[in-house]
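All residue numbers refer to positions in the sequence shown, counting from 1. All heavy atoms count here, side chains included; hydrogens, waters and symmetry mates do not.
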Amino acid sequence: MSKDKDEKSPYGAGFIAACIVVGAVLICGIVIIFAGGDRSAHAIAPAQQPVEAASVQPTDEPASAPASGPAQTSRPERRSGSCGLPAGDQTVPAEAPTADGWDVSRKVVVPRSSTYGPGTTDSDGFRHCFAHSPTGAVYAAYSAIAAIADQSKLVPTVKKLMVPGPATDSLLRQAATGGSSSDASTVQVVGYRVIAAAPDQVTLMLAMPVESVYMSANLTLVWHQGDWRVQPPPPGEAVGAPFSQHRDLSDFVKWSGI
């Protein structure tokens with residue numbers, strides 16, 4: 001989109017980018033990628049290689065020391081979540097977890113587990129309280145995608161979902177001046193890949209079908225005050241970036257309720 005269009009957006013360029021992960025704006029963004037003048041945008045991005053856990057935005061709790069890579073094992077000393085869910089198995093889920101069931105949350109199909117969460121669903125449909133484990137973070141990531149799909153609830157969603165700090169404050173200011181929309185996306189998450197895992201931080205790549213290919217977005221979840229929260233990007237950058245296109249799900253753990 002042109003600079004002029006970005007500047008006229010009621011949410012600002014950064015906040016629209018933050019919402020395009022699953023909202024209707026994501027579909028718009030993908031259409032632009034497909035139809036843009038630079039045909040190189042059609043190229044399929046290579047899968048990201050596992051990396052060390054990125055630096056974490058400060059929270060109100062001291063984070064544990066980062067691990068050396070994504071293959072984490074049991075850490076019995078870890079705390080339970082804010083809803084009392086035990087931390088449980090700390091192994092990174094290389095296979096699809098077994099869900100108790102799948103629910104429709106804000107038009108997005110999300111998993112549910114008595115072991116991993118969510119432990120609580122608010123009256124507005126926001127799901128929270130997940131287990132303090134890599135699998136709990138995967139469950140939380142799916143619910144995070146659903147949470148930001150409904151742009152009519154942007155302000156309360158940002159408050160509940162994002163790690164508090166200046167970047168989240170910036171998103172809130174932009175959301176508060178932008179009005180609301182009743183639109184909610186029907187884009188579904190169909191697979192994930194854990195890029196990095198540390199005791200209090202997990203970065204995932206989430207795959208969503210769009211047209212005949214898949215679009216991936218990246219989320220970093222931080223353990224903050226007894227639950228997984230999404231680490232916001234710096235102001236002006238996109239939640240979910242970098243985005244990539246994929247021909248298939250060979251680089252992902254296939255997991256969906258659809």
Colleague: About how many Å separate CZ of F243 and CG of L206, when rounded to the nearest 0.5 Å?
Modeller: 11.0 Å
Colleague: For residues 194-216, pull every pair meeting ring pair (Phe, Tyr, Trp, His ring centres under 6.0 Å), keeping only residues two or more places apart or in separate chains.
Modeller: none
Colleague: Side chain of S170, backbone of P166: donor and acceptor closer than 3.5 Å?
Modeller: no
Colleague: Should F126 and S105 count as side-chain neighbours, where that means a heavy-atom distance under 4.5 Å?
Modeller: no
Colleague: Taking all atoms of both residues into account, what is the closest heavy-atom pair of S256 and V189, and its distance?
Modeller: CB-O, 3.5 Å
Colleague: Considering non-hydrogen atoms only, spot the tightest contact between L171 and P232 and give its length.
Modeller: CD1-CB, 4.3 Å
Colleague: In the structure I gave you, are the side-chain heavy atoms of V194 and V253 within less than 4.5 Å of one another anywhere?
Modeller: no
Colleague: Would you list the pairs meeting ring pair (Phe, Tyr, Trp, His ring centres under 6.0 Å) in which at least one residue belongs to residues 142-170, sequence neighbours left out?
Modeller: Y142-W255
Colleague: Please determine whether side chain to side chain contact (heavy atoms under 4.5 Å, CB included) holds for the pair K254 and D248, giving the CA-CA distance in whole Å, both sets of side-chain angles, and the decisive distance to 0.1 Å.
Modeller: CA-CA 10 Å; K254 297 178 182 178; D248 54 44; over 6 Å; no
Colleague: Could you work out, with side chain to side chain donor-acceptor pair (under 3.5 Å) as the rule, every residue matching K160, not counting sequence neighbours?
Modeller: D122, D124
Colleague: For residues V163 and V230, determine if any side-chain heavy atom of one lies less than 4.5 Å from a side-chain heavy atom of the other.
Modeller: no
Colleague: Are the side chain of H132 and the backbone N or O of G88 linked by a donor-acceptor pair below 3.5 Å?
Modeller: no
Colleague: Kindly compute the distance separating OG (S133) from CH2 (W223), expressed to the nearest 0.5 Å.
Modeller: 8.0 Å
Colleague: Any donor-acceptor pair under 3.5 Å linking the side-chain atoms of T168 with those of R229?
Modeller: no
Colleague: Between W228 and H128, is the ring centre distance below 6.0 Å?
Modeller: no
Colleague: Got a sec, which residues hit side chain to side chain donor-acceptor pair (under 3.5 Å) with T98, two or more places apart in sequence or on another chain?
Modeller: none
Colleague: Under 3.5 Å, sequence neighbours excluded: what are the donor-acceptor pairs made by side chains of residues 108-119?
Modeller:
{"from": "R112", "atom 1": "NE", "to": "D103", "atom 2": "OD1", "distance (Å)": "3.2"}
{"from": "R112", "atom 1": "NE", "to": "D103", "atom 2": "OD2", "distance (Å)": "2.9"}
{"from": "R112", "atom 1": "NH2", "to": "D103", "atom 2": "OD1", "distance (Å)": "3.3"}
{"from": "S113", "atom 1": "OG", "to": "T115", "atom 2": "N", "distance (Å)": "3.0"}
{"from": "S113", "atom 1": "OG", "to": "Y116", "atom 2": "N", "distance (Å)": "3.1"}
{"from": "S114", "atom 1": "OG", "to": "D100", "atom 2": "OD2", "distance (Å)": "3.1"}

Colleague: Could you grab the distance from atom CD1 of I145 to atom CG of L219, nearest 0.5 Å is fine?
Modeller: 4.5 Å
Colleague: Can you tell me how far the CG atom of L249 sits from the OG atom of S216, to the nearest 0.5 Å?
Modeller: 10.5 Å
Colleague: Can you tell me how far apart OG (S244) and CE (M215) are? Round to the nearest 0.5 Å.
Modeller: 7.0 Å
Colleague: How far apart are the C-alpha atoms of H246 and M205, what are their side-chain angles, what is the distance that settles it, and do they pass the side chain to side chain contact (heavy atoms under 4.5 Å, CB included) test?
Modeller: CA-CA 12 Å; H246 308 264; M205 180 185 290; 4.1 Å; yes
Colleague: If every non-hydrogen atom of L161 is compared with every non-hydrogen atom of A144, which pair is closest and at what distance?
Modeller: CD1-CB, 3.7 Å
Colleague: The criterion is side chain to side chain donor-acceptor pair (under 3.5 Å); which residues satisfy it with T135, sequence neighbours excluded?
Modeller: none
Colleague: Does M162 form a side chain to side chain contact (heavy atoms under 4.5 Å, CB included) with V239? I'd like the steps, not just the answer.
Modeller: CA-CA 10 Å; M162 302 290 180; V239 171; 4.0 Å; yes
Colleague: Mind checking whether P156 and K159 have side chains closer than 4.5 Å, heavy atoms only?
Modeller: no
Colleague: Given the rule in the side chain to side chain contact (heavy atoms under 4.5 Å, CB included) test, do N218 and L204 qualify, once you have shown the distances and angles that lead to the verdict?
Modeller: CA-CA 6 Å; N218 292 267; L204 307 98; over 6 Å; no
Colleague: If you round to the nearest 0.5 Å, how far is NE2 of H224 from CD of Q231?
Modeller: 12.0 Å
Colleague: Show the nearest heavy-atom pair for residues V92 and A197, with the distance to one decimal.
Modeller: CG2-CB, 3.8 Å
